[in-house]
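Presented below is the structure to which this report refers.
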Amino acid sequence: MSSFAQKLVKWHQNYGRRGLPWQGVRDPYKVWLSEIMLQQTQVATVIDRYQLFLSKFPTVNALAQAPLDDVMALWAGLGYYTRARNLHACAKIIASEFNGKFPEEPETLNKLPGIGKSTARAIAAFCFNHSASILDANVQRLIARVYGIEGSLKTSSENKKLWDLADQLVPKEAALMPIYTQALMDFGATVCKPTAPICQNQVVNNCVYSADCIAFKNGLVMQIPLKIKKSPSKIVVSEMLLILSQDEILLEKRPSSGIWGGLWTLPETPWVEVKSENEVSNTSFQLEQFQPVVTFTNQSIYDEAKILAPLKHVFTHRTLYFSTKVVRVQKNMVKCNQSCDWVKKSDLGHLGLPTPIKKLLADFQVLKRVD
DNA sequence: CTCCGGGACT
DNA sequence: AGTCCCGGAG
């Protein structure tokens, strides 16, 4: 075994994370689900949702047969909703084309929707002892530091270098692949962290790679991996309508792609870009901007509605400010198109709602708080 | 409050 | 290179 893998596995025996519900699991369905959830999402957030998801959809066939809306509802709040749509699409393919059994080769897994190269290898390693390395952000950071790779990890040459190194470091015994792969993830998450890695602690630096790590020996740990400047996010403004009639609320189903794709939101105007935060409060909207989705039989219903102060929500590279008009109506005072539906307040829990909308409805006591 | 981290897809 | 969200850290 390479000394790298040896050290890592030994470290994991003593200090690896314990008690996570997907650890030690070899069932490809469960491993796949956990890996997709853990993409871009922290462990603490995933734990409960993973259990909930499995209790609702115990098998890949159960997931494949579920309506997409049910899957979206269960995913709501996790973010990156393309993952949920791909998850459902992938389950259908596994059920129909693979007889409900996940393929074992990373190359085959990688062709399925939502399963990239690294996730494919994680599934293959955990479930089938496949001897190929994962390369998620944790592993990239670890290898880049140990080998002192100072340039951008995004360039194709540096990226290839990382994959090559990662594969060279894999243990020879295939039976060690599950534990080694888990160890890679744990080490990046708890020792070779993006901020405050263990080796930067002046008192106790017990990192097993300190003697080998080029970044550590050259004092470059915090410079690696090179952080790319992100382009400033645009500021957009919108207005939403909280339309209530008795125990029902009017919601709009968003198109399946784009922001909050496939989720249910309040009817809203198109998002208007403004140049600075100052312009947010003096951006005004008109009833016509809700067409063709929603209109009222009487203009005054809109004009006289109470308006709530703008709320802020930050995306990767959009910052949204949305104000909300609250309208209480009879249903026949509203005209809406196909993308809208009246939903009973008691049914809101079954729908996929974006986090800020959920929060707004909870604050407005339309939706009962879940936490 | 602001900032930052984290894969797949196009 | 740009598009997708959220929660935790600071």
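The sequence lines fix the lettering, A, B, ..., with proteins before strands; numbering per chain opens at 1. A quick note: this is a predicted structure, and the numbers were derived from the prediction, not measured.
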* A/T269 side-chain N/O to A/S238 backbone N/O, donor-acceptor pair under 3.5 Å -> no

Pairs under 3.5 angstrom only: tabulate donor-acceptor contacts from the side chains of residues 153-163 of chain A to other protein residues two or more places apart or in another chain.
unit_1	atom_1	unit_2	atom_2	d
A/T155	OG1	A/S152	O	3.4
A/T155	OG1	A/E158	N	3.4
A/E158	OE1	A/K161	NZ	2.9
A/N159	OD1	A/W163	NE1	3.4
A/K160	NZ	A/D164	OD2	2.8

* Are a donor atom and an acceptor atom from the side chains of A/N298 and A/S300 found within less than 3.5 Å of each other? -> yes

* For residues A/R49 and A/T41, is any side-chain donor paired with an opposing acceptor at under 3.5 Å? -> no

* To do: Kindly assign one of parallel, tilted or perpendicular to the pair A/F187 and A/W11, based on the angle between their ring planes and the thresholds 30° and 60°.
  => perpendicular

* To do: Describe, in one word, how the ring planes of A/W75 and A/F53 are oriented to each other, choosing from parallel (under 30°), tilted (30 to 60°) and perpendicular (over 60°).
  =>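 Perpendicular, since the angle between the ring planes exceeds 60°.
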
Separation of atom [atom1] in [X] from atom [atom2] in [N], rounded to whole Å:
{"X": "A/R83", "N": "B/dG7", "atom1": "CZ", "atom2": "P", "value": "10 Å"}
{"X": "A/W32", "N": "B/dA8", "atom1": "CH2", "atom2": "P", "value": "14 Å"}
{"X": "A/I115", "N": "B/dC9", "atom1": "CD1", "atom2": "P", "value": "8 Å"}

* Asked: Looking across every strand, which nucleic acid part, if any, lies under 4.0 Å from A/K193 by heavy atom: base, sugar-phosphate, or nothing?
  -> nothing

* To do: Please work out if A/T41 contacts a base, only the sugar-phosphate, or nothing of the nucleic acid, heavy-atom cut-off 4.0 Å.
  =>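 No contact.
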
* Go through residues 147-165 of chain A and report each residue with a non-hydrogen atom lying under 4.0 Å from DNA chain B, sorted by number. =>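 The answer is none.
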
* To do: Kindly state which residues belonging to residues 121-141 of chain A come within less than 4.0 angstrom of DNA chain B, counting heavy atoms of the residue only, listed by number.
  =>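 Per residue number, the list reads A/D136, A/A137, A/N138, A/R141.
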
* Asked: Between A/V326 and A/A305, which heavy-atom pair has the shortest distance, and what is it?
  ->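 Taking A/V326 first and A/A305 second, the nearest heavy atoms are O-CB, 3.4 Å.
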
* For A/Y147, ring-ring contact (aromatic ring centres under 6.0 Å, His included) partners two or more places apart -> none

* **Listed partners of A/H313 passing ring-ring contact (aromatic ring centres under 6.0 Å, His included), at least two apart** =>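 With sequence neighbours excluded, A/H313 shows a ring-ring contact (aromatic ring centres under 6.0 Å, His included) to A/W260, A/F315, given in chain and number order.
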
* Which letter, B, S or -, goes with each nucleotide of nucleotides 3-10 of chain C from 5' to 3', with contact meaning a protein heavy atom under 4.0 Å? -> BBBBSS--

* Taking atom NZ of A/K325 as the centre, report whether more than 12 heavy atoms of other residues, nucleotides or ligands fall under 6.0 Å from it. =>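 Result for NZ/A/K325: enclosed.
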
* Taking everything shown except A/Q291 itself, do over 12 heavy atoms lie less than 6.0 Å from its CD? -> yes

